[in-house]
Amino acid sequence: MTVLNAFKIIIVMLLWAACYPLLTIGIVLAPHLSFATLRAVIAGLVLVGVACALRRPFPRDARVWMTLAVMGLGGTSLGFLGMFHAAEFVSPGIATVIANTQPLLAAGLGGIILGERLSRRGKVGLFIGFLGIVVIAAPQLFSSGGDNYAIGIAYIVLAALGVTVSNVTIKKIIGRVDLLMAMGLQFLIGSIPLALAAGIMENPAAIQWSFTFITVLLTLALFGSALVYILWMSVLSEVPLNQANAFSFLIPVFGLTMGVLFYGESLGLLKLLGILLAIIGVVLVTRKGAAPEANAPTPLSIAPN
């Protein structure tokens, strides 16, 4: 791996880790679903625009469009719904750790839908990773305010599940559609249910169009979504997926560091143990846990935020 590719991967992990802290700022200034819709639309338009500028082909197969619809509903509609609401209930650092266990869900769902088998090490990683989530979540679930914390965890799991469905689904169209175009289109398709829900359940006019909100929105859409996928796909064109995925442990490290430095998060011994277990689980599953046929390249192998 070249120094340039390693630098790109670290930037991707840093940008993903910054998403939950930025969401925490943005949801105070805008209704959740309206905020999510704007992020999805801007990211989708940028990616489709870049794909068109590069003369990438537009999908024409009806089955490809159906797959893109499932990806959009999973990765964008459910994914954004979960992560934007979770930011209201769970601290950014812990949210980043739990969301980053998405590869564990992908490994389990991939075995059911795609018939991908986990090695013994992968199964151990799956168990250790979910044990880490339990250790992280348990103390606050049984403390005062545990109900709100449980709601936040449920939203994060919903987001991770939506992204997992998108990850597994995209493997069915690898080679049949340009991935840059596919990522942009799934953002735009996924924004439609978000926009409808926002129009019914919220007042989009309540958005506070301040400098802070516009900065957060553009940072999330342009850097946390569009740029991340462009960088990630450029890396995967040269670096094996599992080698790139080995850097995924940096996401919770970056996220927790931001939480401690900027949000006053405190990490007790039990939380640190849970975080360590979650990271070990993800590393085992993404590096050595899958059979060779399970390693088809996909730019969504790490949970986007």
Side-chain angles (χ1 to χ4, degrees), residues 4-5 7-56 68 71-72 75-77 79-84 86-87 92 95-96 99-100 159 162-163 166 178-192 194-195 198 204 207-237 244 247 250-251 254-255 258 262 299-305:
L4 178 60
N5 280 328
F7 177 73
K8 287 180 183 179
I9 295 174
I10 292 173
I11 293 298
V12 166
M13 303 306 163
L14 181 60
L15 290 174
W16 263 325
C19 285
Y20 270 107
L22 289 172
L23 286 176
T24 302
I25 299 172
I27 60 173
V28 178
L29 303 171
H32 298 58
L33 296 177
S34 301
F35 185 13
T37 301
L38 289 171
R39 177 186 176 185
V41 169
I42 294 171
L45 289 175
V46 169
L47 288 173
V48 170
V50 171
C52 290
L54 295 175
R55 300 182 182 277
R56 301 292 175 85
L68 290 176
M71 289 171 54
T76 298
S77 299
F80 278 18
L81 171 69
M83 66 181 66
F84 275 72
T96 303
N100 191 55
V163 173
S166 181
D178 175 74
L179 292 180
L180 186 60
M181 180 70 77
M183 292 305 101
L185 290 174
Q186 71 88 16
F187 271 124
L188 294 177
I189 293 170
S191 71
I192 297 173
L194 291 173
I207 296 175
Q208 300 177 38
W209 289 101
S210 62
F211 175 79
T212 299
F213 175 71
I214 294 173
T215 301
V216 168
L217 173 62
L218 292 180
T219 302
L220 283 169
L222 299 180
F223 296 95
S225 296
L227 179 61
V228 157
Y229 285 120
I230 292 172
L231 288 176
W232 187 238
M233 282 183 284
S234 72
V235 167
L236 291 183
S237 66
F247 285 76
L250 289 174
I251 298 177
F254 287 147
M258 293 176 191
F262 302 111
L300 287 175
S301 297
I302 300 176
N305 297 297

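Heavy atoms only, all atoms of each residue included: Ser225 and Ala43 are closest at CB-CB, 3.6 Å. The two residues Met83 and Ala159 come nearest to each other via the heavy atoms N-CB, 3.6 Å. Between Leu194 and Ser77, the shortest heavy-atom distance links the atoms CD2-O, 3.6 Å. Nearest approach of Val48 to Leu188, heavy atoms of both residues: CG2-CD1, 4.1 Å. Nearest heavy-atom pair, Pro31 versus Ile207, reported as atom, atom and distance to 0.1 Å: CD-CG1, 3.8 Å. Nearest heavy-atom pair across Ala226 and Val46 is CB-CG1, 3.8 Å.
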Exercise. Apply side chain to side chain contact (heavy atoms under 4.5 Å, CB included) to Leu222 and Leu227, showing your working.
Key: CA-CA 6 Å; Leu222 299 180; Leu227 179 61; over 6 Å; no
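Legend: residues meeting side-chain contact (heavy atoms from CB on, under 4.5 Å) with Leu29, ordered by chain and number and at least two apart, are Gln208, Ser210, Thr212, Phe213. A search for side-chain contact (heavy atoms from CB on, under 4.5 Å) contacts involving Leu180 returns Leu47, Val50, Ala51, Leu54, Arg56, Asp178, Ile230, Met233, not counting sequence neighbours. Taking Val12 as the reference, Trp16, Val228, Leu231, Trp232 meet the side-chain contact (heavy atoms from CB on, under 4.5 Å) condition, with sequence neighbours excluded.
Annotation: the span from Gln186 atom CD to Thr76 atom OG1 amounts to 3.5 Å, rounded to 0.5 Å. Between atom CZ of residue Phe80 and atom CG of residue Leu23 there is a gap of 8.5 Å, rounded to the nearest 0.5 Å. Of the inter-residue distances, the one linking Thr219 atom OG1 with Leu217 atom CG reads 8.5 Å to the nearest 0.5 angstrom. The CG atom of Leu14 sits 13.5 Å away from atom CD1 of Ile9, with the distance rounded to the nearest 0.5 Å.
For residues 21-38, the pairs satisfying side chain to side chain donor-acceptor pair (under 3.5 Å) are His32-Glu88, Ser34-Glu202, with sequence neighbours left out.
In this structure, the side chains of Lys8 and Ser234 come closer than 4.5 Å at one or more pairs of heavy atoms. Contact of the Leu81 side chain with the Leu33 side chain is registered, since non-hydrogen atoms from C-beta on lie closer than 4.5 Å.
The distance between the ring centers of Phe187 and Tyr229 falls below 6.0 angstrom.
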